[in-house]
Amino acid sequence: MGEATDTILEMAGIREGSQVLDVAAGTGGQTMVAARRVGLQGSVLATDISANILAYASENARLAGLSNIQTRVLDGENLQLTPASFDAVISRVGLIYFPDQHKALTGMFNALKPGGKLAAIVYSTADNNKFFSIPVGIIRRLAKLPPPLPGQPGPFSLGATGVVEGVLAKAGFQDIQTKVMSAPLRMASASDCIRFERESFGALHQMLASLTDEGRELAWQEIAQELSVYEGPAGFVGPCEIIVVSGTK
């Protein structure tokens with residue numbers, strides 16, 4: 001997501017000296033890109049609900065020599081921060097998983113200074129994100145899970161036309177803009193993609209919880225077979241389409 005990360009920073013208006021809040025920062029790849037952009041006169045606060053993952057992000061920042069990054073364990077739906085203290089808020093593929101997206105966005109809105117900007121990356125539709133929707137579909141069928149309800153959090157919850165713009169507007173944001181981008185998942189092989197998803201995609205493990213060990217292995221075997229069609233001479237190229245959205249306070 002290198003190009004998408006550059007785009008989210010541009011759409012958030014992040015520049016030298018900016019004070020930036022990164023919500024659901026995860027391992028902090030985009031946090032470090034933002035920190036380099038804001039320079040020593042700026043700062044980035046990376047927040048996440050997981051203390052372990054923030055410790056990993058903090059160590060990465062230290063190894064990179066970035067002293068303008070701080071981390072804080074915070075639930076994205078309960079951002080206990082000084083109001084109007086940030087020039088920009090970013091969230092890369094985090095907003096889609098908040099059970100109460102409106103509460104999360106309201107917290108981000110309150111954290112921004114007047115005229116400050118939020119920019120977020122979300123997945124578009126399932127049809128355009130086969131690297132993820134294929135495993136989700138297979139597991140949902142084998143585990144006999146019902147389809148997601150409207151408004152339920154999930155990878156594609158904000159991907160339909162006009163949905164992400166609507167949730168930002170409801171939270172008070174103005175001058176809402178979107179940019180649809182292709183961001184294919186490139187790996188050496190389909191087996192590498194499977195290993196990545198097995199190790200990193202918590203949502204898939206939650207969906208698999210009702211299956212036996214044998215059932216889970218059969219699910220991964222079917223997923224591997226389906227995803228293998230995206231492996232070729234250039235390695236594995238999984239279809240992925242994202243939406244970068246921004247709004248102004």
Side-chain angles (χ1 to χ4, degrees), residues 1 4 23-27 29 47-54 56 73 75-78 91-105 120-161 163-164 167 182-231 236-243:
M1 285 197 174
V23 178
T27 57
T47 67
D48 200 279
I49 200 169
S50 168
N52 288 341
I53 206 166
L54 280 183
Y56 182 83
V73 178
D75 182 346
E77 293 182 2
N78 294 283
S91 186
R92 191 174 77 170
V93 199
L95 183 59
I96 51 178
Y97 294 115
F98 292 133
D100 191 337
Q101 292 166 346
H102 179 70
K103 187 176 182 181
L105 284 166
I121 294 176
V122 302
Y123 293 119
S124 67
T125 61
D127 285 345
N128 292 323
N129 287 277
K130 296 291 189 180
F131 87 98
F132 201 175
S133 63
I134 284 175
V136 167
I138 289 172
I139 294 171
R140 191 178 297 282
R141 171 171 51 80
L142 294 178
K144 297 180 173 57
L145 297 173
L149 299 171
Q152 186 176 358
F156 315 115
S157 57
L158 296 174
T161 302
V163 173
V164 71
V167 296
S182 176
L185 179 65
R186 299 182 185 276
M187 294 192 145
S189 66
S191 62
D192 285 336
C193 177
I194 296 298
R195 182 166 57 251
F196 168 61
E197 294 188 353
R198 292 188 72 153
E199 292 176 353
S200 307
F201 284 36
L204 298 182
H205 287 286
Q206 289 178 347
M207 294 175 68
L208 284 162
S210 65
L211 295 177
T212 64
D213 289 347
E214 181 181 6
R216 286 192 284 271
E217 283 306 311
L218 288 173
W220 284 115
Q221 289 175 22
E222 185 175 346
I223 290 166
Q225 181 177 357
E226 292 293 322
L227 288 181
S228 66
V229 301
Y230 298 109
E231 183 178 323
F236 177 83
V237 184
C240 175
E241 183 182 80
I242 60 170
I243 304 170

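Heavy-atom basis, side chains included; hydrogens, waters and symmetry copies ignored. For clarity, every value in this text was computed on a predicted model and none was experimentally measured.
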Inset, instruction - Answer yes or no: is there a side-chain heavy-atom contact under 4.5 Å between W220 and L208? - result: yes
Inset, instruction - Evaluate the side chain to side chain contact (heavy atoms under 4.5 Å, CB included) criterion for residues L105 and F98: first the C-alpha distance (whole Å), next the side-chain angles of each, then the deciding distance (0.1 Å), finally the verdict. - result: CA-CA 10 Å; L105 284 166; F98 292 133; over 6 Å; no
Legend entry - Atom OH of Y56: over 12 foreign heavy atoms under 6.0 Å: no
Inset, instruction - Determine, step by step, whether I139 and I223 satisfy the side chain to side chain contact (heavy atoms under 4.5 Å, CB included) criterion, reporting the C-alpha distance in whole Å, the side-chain angles of both residues, the deciding distance to 0.1 Å, and the verdict. - result: CA-CA 9 Å; I139 294 171; I223 290 166; 4.0 Å; yes
Legend entry - Distance-minimising heavy-atom pair for D127 and K130: O-CE, 3.5 Å
Legend entry - For E217, all residues meeting salt bridge (charged side-chain N to carboxylate O under 4.0 Å, His left out), sequence neighbours excluded: R198
Legend entry - Any Y123 side-chain heavy atom under 4.5 Å of N128 side chain: no
Legend entry - Non-hydrogen atoms of G76 and V23 that approach each other most closely: CA-CG1, 4.1 Å
Legend entry - Test side-chain hydrogen bond (donor to acceptor under 3.5 Å, both in side chains) applied to S200 - qualifying residues, sequence neighbours left out: none
Legend entry - Least distance between heavy atoms, A190 atom then E231 atom: N-OE1, 2.8 Å
Legend entry - F236/F131 aromatic ring centres below 6.0 Å: no
Run the side-chain donor-acceptor check on residues 141-159: report pairs under 3.5 Å with partners two or more places apart or on a different chain.
unit_1: R141; atom_1: NH2; unit_2: E222; atom_2: OE1; d: 3.3
unit_1: R141; atom_1: NH2; unit_2: E222; atom_2: OE2; d: 2.3
unit_1: Q152; atom_1: OE1; unit_2: L149; atom_2: N; d: 2.8
unit_1: S157; atom_1: OG; unit_2: I96; atom_2: O; d: 3.2
unit_1: S157; atom_1: OG; unit_2: Q101; atom_2: NE2; d: 3.3
unit_1: S157; atom_1: OG; unit_2: G154; atom_2: O; d: 2.9

